[in-house]
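Following: one structure in structure tokens, then a few remarks.
Just so you know, these numbers use all the heavy atoms, side chains as well, and skip hydrogens, waters and symmetry mates.
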Amino acid sequence: MDLRYEAYCFADRHFYDVQSHAETSVDDFSRELPELPDGWSQGEKNIWRHLHPKGAVLAKQGWKIHVSATVANAGRVLKATYDYCVEHRISFKYLRTQSIVLARNSKYAPREASGKLVAIYPADEVELERILVELSELLDGEDGAYILSDLRYGAGPLYVRYGGFVEQWLERDGKQVLAIEGPDGELVPDQRKPNFWVPEWVELPAFLVPHLAARNGGDPDEFPYDVVRSLHFSNGGGVYLATRKADGAEVVLKEARPHAGLDRDNTDAVVRLDREFKILTRLDGIPGVPQVYDRFTVWEHHFLAMEYMPGRPLGQWLGMHYPLTHNGVGDERITEYTARALAVVDRVEATVEALHQRGVVFADLHSLNILLDDDDSMSLIDFELSFHLDAPRRPTLGAPGFQAPPDREGFEIDEYPLAALRLWLFLPLNEVLELAPSRLRSHLDFIRRRFGLSEEYCARIERVLTPRGEVPPAPARTSLDERDPDWRAVCRDITTAILASATPERTDRLFPGDIEQFEVGGACFAYGAAGVLHALHVSGQGRFPEYEQWLQDSVRRDPPKQPGFFTGAHGIAYVLEEFGHQELATDLVTEYAKTLPGTVDHGLGSGLSGVGLNLLHFADVREDDDFLGQAIGIADRLGLELQLAEGPGPKAKAGLLHGWSGPALLFLRLFEHSGDRGWLDLAGQALDRDLAECMVALDGSTQVRDGGYRTLPYVEVGGAGIALVLNQYARHAPDAESVTRLPDLLRGAAGEFVIHPGLVLGRMGLLATLAQAVRRQPDPVFEQAMRRHLAALAWHAVPYRDGLAFPGMQLRRLSMDLNTGGAGVLLALASVMDGDASVLPFLGAAPTP
């Protein structure tokens with residue numbers, strides 16, 4: 001679970017978005033602040049409002065001040081800080097609205113950014129000290145969450161850290177990260193982690209030394225436990241496995257930070273920790289409920305010590321045992337899993353009933369709070385939202401797909417997630433039902449047929465999950481729900497939804513997509529307008545000049561941060577060239593050639609191989625030897641890097657976008673272009689390098705390993721990404737040893753259940769991979785798997801404004817982009833239905849030289 005997505009769910013109920021576009025928001029702080037005097041400029045970027053004295057020169061980097069506040073005092077703290085900075089003509093920025101403050105301090109907001117309300121940019125260290133002294137007097141006694149990335153000044157809400165004042169970007173591990181200049185002028189990462197850090201060449205100002213000593217001055221002997229390892233982090237605090245110093249007993253420590261980890265009614269982690277202590281005390285002795293040992297405070301953080309409950313979260317258990325993720329599942333395996341899952345449900349219900357007998361509503365039942373040991377013995381953890389039946393409250397936090405709606409009260413608040421659990425164990429797509437409640441009956445029909453569940457079992461789920469006062473929602477009827485779908489109609493419906501979602505009035509993005517569009521830009525190929533317009537065009541859905549103009553304006557207004565194909569300039573240039581906007585395409589390719597010496601990523605997504613493939617494409621379509629020479633230069637560089645590449649690391653990188661399959665595709669295309677078998681040899685070596693990161697999965701297929709137990713079958717990272725290139729390599733080297741592994745890679749793409757529908761990390765990428773393979777070498781097993789993929793696409797289908805949309809990553813919101821959303825689905829369907837193997841640029845088969 002990627003916790004970043006939570007912060008992008010506050011602004012819109014359909015799409016991931018930043019909270020920055022409601023200019024007349026009733027909680028915008030500008031309503032309560034005085035107008036800026038003459039001589040000031042003001043601008044907005046995402047969630048921040050920037051204010052700058054005209055004529056003042058802002059340094060690139062230095063010591064900055066952050067002002068912390070709570071939701072309750074944010075307006076008062078901001079007004080005092082605003083008045084001070086304006087009076088003294090000091091550059092600063094502040095969060096635009098009170099709802100943004102709540103989101104930035106919520107339980108799953110980024111820990112390193114929590115607490116920040118205002119950022120102030122002193123001109124030098126003298127001004128730094130003066131501001132801290134004077135502003136600390138003005139804000140004396142004001143509360144705020146501790147800013148983990150900073151050093152606190154005194155006891156108030158002021159913090160300092162050394163970092164960038166203006167945005168500078170540097171490539172690290174295939175991503176662009178914020179940077180500062182080192183002593184030699186070279187860019188280095190501006191580390192933004194939840195701990196105070198000072199670059200080694202920067203000296204802490206002398207007046208801050210006592211404050212650092214105060215931060216580090218705690219007595220370690222005061223803490224009564226030895227922490228063994230961390231189990232979980234949220235913005236509210238950490239959860240740790242520890243031993244008690246007094247007797248060596250193994251315990252779990254839960255930490256709570258004041259004013260942090262807020263829920264939607266502004267309750268912080270400390271209040272919830274105190275509630276959990278009281279509830280666990282009341283539940284003492286119930287099997288499967290941890291015993292509480294201690295409640296104590298050290299420094300400013302609060303802790304709860306409790307019994308360690310063995311086992312793994314139910315989500316991990318499902319990942320290991322759910323049969324539909326595997327290919328070739330037989331009836332015996334289905335029957336065995338069904339019996340086991342039903343037994344798990346019975347154990348959970350019995351434990352929840354024991355809580356109810358003591359008058360306690362658990363209120364947070366979901367797959368991460370249920371632990372199963374090796375013998376399937378069950379326990380519950382995380383009681384911070386639990387409450388006694390007589391308490392005049394209900395939780396405002398909850399897990400997507402499991403949280404009871406507002407029309408449930410008392411023990412009904414637990415009955416709802418119990419019903420959701422009954423469904424989730426057989427089709428774990430509950431989040432989709434929050435976007436499309438009408439999908440419930442079709443999901444129930446599937447689990448009844450596939451797992452042989454009783455009508456009574458499914459009716460109970462439907463009865464509880466249906467909103468009160470309503471008849472069960474009619475089954476969703478979309479073009480995907482026909483017995484024999486008209487796939488051209490499906491593609492038209494997807495196009496309708498994409499076009500209906502467009503926001504040409506916005507400058508940050510044209511089509512809603514993944515949260516990455518707010519990092520790399522809303523114009524890029526993977527997550528932005530370029531990829532969507534490309535998908536609409538090549539799938540036969542048409543061109544849209546007004547949106548092409550938006551793309552051109554966007555590039556000129558906000559140039560890409562990096563050269564890479566999927567996330568930077570070259571993917572945009574490819575699409576502009578495709579649409580005949582050659583001058584701007586040339587400008588992009590030429591301008592970003594200057595950045596290539598600093599690009600070290602080899603991948604197709606953001607690195608050199610994607611750039612090289614695009615340059616080779618430009619060389620072909622323009623018959624330009626200069627572009628060809630640049631492409632060969634990049635390939636030579638990658639070939640040398642390949643020989644020096646280290647072995648597989650602990651985390652997965654292999655696949656089309658991040659692994660060596662991207663360079664392999666470049667080498668292969670150069671072989672087809674020139675006939676030089678040296679390129680073909682390099683392609684084979686690069687594919688072997690990616691295959692070295694693979695392992696045999698639980699179902700016997702070959703997939704990319706990801707850590708100790710997880711394997712990945714996908715296109716971006718995974719076996720399908722390798723298979724797409726290996727399938728084309730096989731045309732030229734059919735007897736190569738690596739080609740013998742292709743069927744096992746394809747088996748990894750044949751599983752019936754896929755959590756996401758999208759192209760690069762979901763079902764449609766697996767479908768496109770199988771389609772390309774059977775086009776070269778027909779196989780009835782893989783053809784049947786393709787039919788299953790097409791039939792199961794309806795699981796994720798969400799009606800949207802007379803069209804058809806699909807949820808993106810995490811399934812929390814819809815996405816229209818190429819990598820994660822509707823545009824990628826459209827591309828994959830078009831490539832399968834029209835018999836065109838080139839689901840993505842550069843993947844079309846070329847003739848043998």
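A ring-ring contact (aromatic ring centres under 6.0 Å, His included) with Phe15 holds for exactly one of Phe511, Phe518, Tyr800, Tyr8; it is Tyr800.
Evaluation of the side-chain hydrogen bond (donor to acceptor under 3.5 Å, both in side chains) test over residues 521-542, restricted to residues two or more places apart or in two chains, returns Thr495-Gln541, His534-Glu578. Applying the salt bridge (charged side-chain N to carboxylate O under 4.0 Å, His left out) test to every pair with at least one member in residues 588-600, sequence neighbours left out, gives these pairs: Glu591-Lys594.
His756 meets the ring-ring contact (aromatic ring centres under 6.0 Å, His included) test with no other residue; sequence neighbours excluded. Taking Arg741 as the reference, nothing meets the salt bridge (Lys or Arg N to Asp or Glu O under 4.0 Å) condition, with sequence neighbours excluded. For Phe782, the ring-ring contact (aromatic ring centres under 6.0 Å, His included) test picks out no residue, with sequence neighbours left out. Tyr16 pairs by the ring-ring contact (aromatic ring centres under 6.0 Å, His included) definition with Tyr5, not counting sequence neighbours. Residues satisfying the side-chain hydrogen bond (donor to acceptor under 3.5 Å, both in side chains) criterion with Trp169, sequence neighbours excluded, are Glu167. Applying the side-chain hydrogen bond (donor to acceptor under 3.5 Å, both in side chains) criterion to Gln643, with sequence neighbours excluded, gives Gln685. For the side-chain hydrogen bond (donor to acceptor under 3.5 Å, both in side chains) test, no residue two or more places apart in sequence or in another chain qualifies with Gln777. Checked against side-chain hydrogen bond (donor to acceptor under 3.5 Å, both in side chains), Glu519 has no partners two or more places apart in sequence or in another chain. For Phe806, the ring-ring contact (aromatic ring centres under 6.0 Å, His included) test picks out no residue, with sequence neighbours left out. Listed by chain and number, the residues in a salt bridge (Lys or Arg N to Asp or Glu O under 4.0 Å) with Arg813 amount to none (sequence neighbours excluded).
Salt bridge absent: Asp690 and Lys653 never bring a charged side-chain N and a carboxylate O closer than 4.0 Å.
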| field | Derivation of the side-chain hydrogen bond (donor to acceptor under 3.5 Å, both in side chains) call for Thr567 and Gln562 | value | CA-CA 7 Å; Thr567 55; Gln562 56 185 298; 3.1 Å; yes

| request: Take Val715 and Leu759, measure what side-chain contact (heavy atoms from CB on, under 4.5 Å) needs, and give me the verdict at the end. | output: CA-CA 8 Å; Val715 168; Leu759 180 58; 5.7 Å; no

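Classified by interplanar angle (parallel below 30°, tilted 30° to 60°, perpendicular above 60°), the ring pair Trp679/Phe667 is parallel.
Contact check for Leu499 versus Tyr547: side-chain heavy atoms found under the 4.5 Å cut-off. The side-chain heavy atoms of Arg488 and Asp834, taken from C-beta on, include a pair separated by under 4.5 Å.
A donor-acceptor contact shorter than 3.5 Å is absent between the side chain of Thr503 and the backbone of Glu505. At distances below 3.5 Å, at least one donor-acceptor pair connects side-chain atoms of Thr590 with backbone N or O atoms of Thr586.
Side-chain atoms of Asp744 and Ser701 include no donor-acceptor pair closer than 3.5 Å. There is no side-chain donor-acceptor pair under 3.5 Å between Asp601 and His658. No side-chain donor-acceptor contact under 3.5 Å links Thr496 and Asp493.
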